[in-house]
Amino acid sequence: MTSRHSNWRLDKNSEPSGSKPYNRPKRPPGLRGRAIGLWYRDQMAKKRLDQSSLEVENEDFSSSRARAKEAKLQRKKSFEKLKDEKPLGSILLSDQKKKNINILLNETLDMYPSLQSKNITSYEHLSDTEFKHEFLQHIRGNMMENLKRKCQISKYDNEAENERFLDELKDKKKKHAYKQMQNVRNILPSMKMKKEIIDLIHNNQITVISGETGCGKTTQVAQFILDDLIEKGQGSQCKIICTQPRRISAISVAERVAAERDENIGGSVGFQIRLEKVMPRNRGSILFCTTGVLLKRMETDPSLNEISHIILDEIHERDIISDFLITVLKDVIQFRKDIKIILMSATLNSEAFSKYYNEAPHINIPGFTYPVQEYFLEDVLQMTNFKFEDNRPIWRKKMSVGRKREWHEFIEPYIRQLEAEKKYSRHVTNELRNLEYERVDINLIFELLLKLCFSQKNNDDGAILIFVPGLADIQKLSKLMKESEKFPMSKFIIIPLHSQLPTMDQKQIFKPAPKGTKKIIIATNIAETSITIDDVTTVIDCGFIKISNVDTETGIETLNAEMVSQANAAQRKGRAGRVKPGICYHLITKIRYDLLDKFLKPEVLRKRLEDVILQLKMLQLGKAESFLSKLMDPPESKLVQVSLNLLQRLGALNSEENLTPLGYHMAKLPVPAQCSKMLILASLFSCVDPILSIAASLGFKEANQLSVSQDDSDKRKYQLSMGTKSDHIAMHYALRGYEDAEYKYGFCKEFFLSSSILRLLIEMRKQFAQHLFDMKFTSSSHPRSPSDNLNSDNVALIKAIISAGLYPNVAVVTGCKRVPKLRSVSHEKMEFHPKSVLSKEKSFSSPLIVYHTRIKSSSLYIHDGTIVFPLSLVFFGDQFRIHEKTSNDRFSGVSINGTMRFVCTQSTASAIQNLRDRLNQILEWKVSHPGQVSWAEDNPELRILKTIMELITMEDNEDLDLSDYDDN
DNA sequence: GAGCACTGC
């Protein structure tokens, strides 16, 4: 007795109507056993290959069908296993309630008659609304077609403007301030290559410009283009967009360039980042924006109409959005022969970009930095006489095959060579030989610091910058320095630098230390690119970096310290040579340095792909797999499938991998997919305020800050959760508290919150609220409008909506001795991350937890959780099924997900099922006919939603005894 | 008992 697989996509049939039938190829006679299997495998592979080259709509039907089949098989398997699952709770409904539900269901039959329509995948049954028009146009469109259509627009040229811009520039050149700026600019290496750069850009559609820090490419190239065109009397044709990977750099570069032009921002130069912009004049202008802004712009303006030049800066960083952009632009230039693309990168990997763009011409600008002397671990050991702790001889049996080979082929011979050269003492080579494994050694950093700060010959007054992987290392080193009493505050300014630590006095970080004191900065890789401290002359690079990764098979994300790449090491070293010659200590051996990878894996290979896939769907780029295969480094097919499967389960994509109405809304909102689902539900249930805060926090970051010394911040977060046993609701209370606080600074200080993050979160809330209003889900664009917040104080309802969004991320509490014990629904061991308020919980009134983020580091941690009750999951989960007592299954009740069962009577089960079906009808209808639910009158929609709300609220108030669920 | 860094008209 399986209820239809309901997940409010308007797409229940997995059989695509109107698609071509799938012709199973006939296998040649004479094959046997394994050979048959192999033959079919090859056929499938061939078919997939053939189809990926076809145009968008017919593509890959066979594999989606295979996927559906696989999913069905999995489901069948899990139902078998379900028999062994202990029930995770029970559902109790009084006879009176069931009676009322049945009356209600009868009275609200045929709420939406057109939903009964058979031809549901074509969406023709939808009422004729603005939304239907917009949606159908979107899912039927494809980017190439749009480009063909839109690129016919003739070139913009305005004589009057041309003249005005030229006169303006001539006048400016006479001004003293402008001339002075010009003198500063003239020193830059890029200035010497101005003509070459302009010519190259002029003569080619694509240009790759490389250059190291200090060459001035970021500030100059856009100005070269603009001034050149103005001087040619073509200023009005010029409209440049220059992207930056970070918000701050977009603003600061714009400010810098405006200053160089003796202007304020908003003239010929502007910037645009999310939630903040100062636009330049329409023509003869340069806009500095973040990569994300450009990508979003392309959703509505794929042909980049009116734009004359796109400059993508810092693409060597290989972040997802930049990688994505260079691929999309490859398509755009086919139709916009007049647009110019300029790719700017560091010298190291610029060749690769040139190659990716079909051997595009490439120009290198020499950089200007002071020389930096490099030392390696062997030198540091010699200097400090350091001895590694617990340094047992290498137990080579334990090493992986690769490590073993590495040791025998390179490292061991290198040490032998050092011994032969006798450049280093016996002590050094012994330590290297006995090094069990390479890791960050805080004691070594400390010893090196002592040497640097207290040996006579060192009278350098520059700052010392230490790179460590994470907060734990910052804390350890700070503690060590403090306890040694060798670094008194009178002589040393010690600055920890980490994105989640409160930024102490800003000026202190950037201004040189007063005479007689030394500045020591202990930083994560935030100091590699995001924060630049000019007066650094000594860098200590521990050689490790924390880096996120993803398991291609399971999709589990990880965060662990790994060895840096040569590019990282070079960047870190470069931080010592900004104002004068410097020194860099790499705490790895020279041979290890040579063996390092050239670059880190690009981000797109280290992240889950749900959001990228939604973005590419929004840009109408066709099948995920075939578009992603065009990237410079295509992600593994298996991982694409994992992400596609989740999006399909969430109801964002249908079986043909097209956006559903729900998916369309999800992709439009700038939050993770699961959060947008929450937002839509919140508007239907009239409780947007809390969910807006939660979606903003999950999509951006929590406002809670950390501290270097002891941690009161966890206790304060616990207070903020107000006993709701939910990190998510704590996020809501943090924002509400901040908004309502009269003395905001004091509030932030008391609760260890970052006011700058809170302010951004509040702006994001407004942005989402505006979206919901524009989509007609709410009656007001104000986040706290009373009419959209009738139920915002109903904690049980908020939790239910959180669980509806975060599903299928469910964890189960299995016990609670010292700390809560946790497992996933598929029985993996998990833990609450210590920052979660739930990690301190002693008793659980329900074993069910929903979460957003799960990362494997030292353990598989859930970073944020909310405790929920069975009904929320039963109403909003998928694969709902009723179980009857039979001879081989003594269980009577319902199950969801093929993994979670709940005990109830048959009559309760069927009442729940019917109510659930009706709820799904409402949700299906609502996402495709956006409109508010009127809470003012007694309409059928409202009566159903209210009934569900009442059931959920009631359940939360019953205190259940955890001992029922304890595995022990 | 522990949290690299970014981003979204």
Side-chain angles (χ1 to χ4, degrees), chain A residues 241 243-250 271-277 279 287 289-301 314 317-325 467-476 497-501 523-531 544-549 557-562 564 568 571 600 603 606-607 611-612 614-615 618 667-672 675-676 695-696 699-702 704-708 711 713-714 717 760 763-764 767-768 770-771 774 818-820 831-836 839-840 853 855 857-859 861-864:
Chain A
I241 290 184
T243 68
Q244 294 293 322
R246 281 168 291 281
R247 292 163 59 88
I248 340 154
S249 38
F271 73 87
Q272 183 179 7
I273 59 179
R274 181 179 180 183
L275 305 168
E276 205 180 330
K277 64 178 173 187
M279 295 305 266
L287 175 72
C289 66
T290 45
T291 42
V293 168
L294 179 60
L295 196 63
K296 269 278 175 198
R297 180 183 183 133
M298 291 186 78
E299 278 177 17
T300 49
D301 179 20
E314 315 277 13
E317 288 183 16
R318 299 301 308 276
D319 60 282
I320 292 186
I321 308 178
S322 297
D323 268 16
F324 197 101
L325 278 173
F467 284 99
V468 292
L471 184 77
D473 310 284
I474 296 178
Q475 285 169 329
K476 249 192 249 165
L497 209 58
H498 182 288
S499 70
Q500 289 169 71
L501 285 173
T524 61
N525 54 331
I526 195 168
E528 224 177 84
T529 48
S530 306
I531 295 178
F544 282 79
I545 183 171
K546 275 217 178 173
I547 194 145
S548 65
N549 231 316
E557 292 169 295
T558 61
L559 179 66
N560 287 309
E562 286 178 23
V564 296
N568 293 119
Q571 177 71 19
L600 291 179
E603 193 189 7
R606 300 190 283 105
K607 284 280 153 74
D611 290 336
V612 181
L614 281 183
Q615 274 165 342
M618 228 31 220
K668 278 213 141 186
L669 280 158
V671 285
C675 295
S676 34
F700 183 52
K701 49 184 145 184
E702 281 183 69
N704 303 66
Q705 290 191 312
L706 308 166
S707 70
V708 186
D711 231 347
S713 75
D714 285 352
K717 187 175 171 188
L760 263 172
E763 288 305 309
M764 286 178 194
Q767 191 191 20
F768 306 154
Q770 185 66 48
H771 263 282
D774 292 343
R818 199 165 53 81
V819 287
E831 282 174 59
F832 287 118
H833 193 282
K835 77 176 175 183
S836 165
S839 67
K840 291 159 193 71
T853 311
I855 298 174
S857 49
S858 57
S859 172
Y861 284 115
I862 286 181
H863 284 231
D864 54 285

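In what follows, every chain begins at residue 1, and chains take the letters A, B, ... in the order their sequences are listed.
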In whole Å, what is the span from the CG atom of A:Asn560 to the C1' atom of B:dA2? 13 Å

In whole angstrom, what separates A:Glu831's CD from B:dG1's P? 8 Å

Return a single string for nucleotides 3-8 of chain B, one symbol per nucleotide in 5' to 3' order, where B is base contact, S is sugar-phosphate-only contact and - is none, cutoff 4.0 angstrom on heavy atoms. BBBSBB

Between A:Glu603 and A:Arg606, does any side-chain N to carboxylate O distance fall below 4.0 Å? no

Does any N or O in the side chain of A:Ser839 come within less than 3.5 Å of the main-chain N or O of A:Pro834, such that one atom is a donor and the other an acceptor?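 Yes, the answer is positive, given that a donor and an acceptor are paired below the 3.5 Å cut-off.
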
State, yes or no, whether a side-chain contact exists between A:Ile474 and A:Thr524 at a heavy-atom distance under 4.5 Å.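 Answer yes - side chains close enough.
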
Are A:Asp611 and A:Gln615 close enough that a side-chain donor and a side-chain acceptor fall under 3.5 Å?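 No - no donor-acceptor pair under 3.5 Å links their side chains.
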
Exercise: do A:Arg274 and A:Gln767 side chains pair donor with acceptor under 3.5 Å: yes

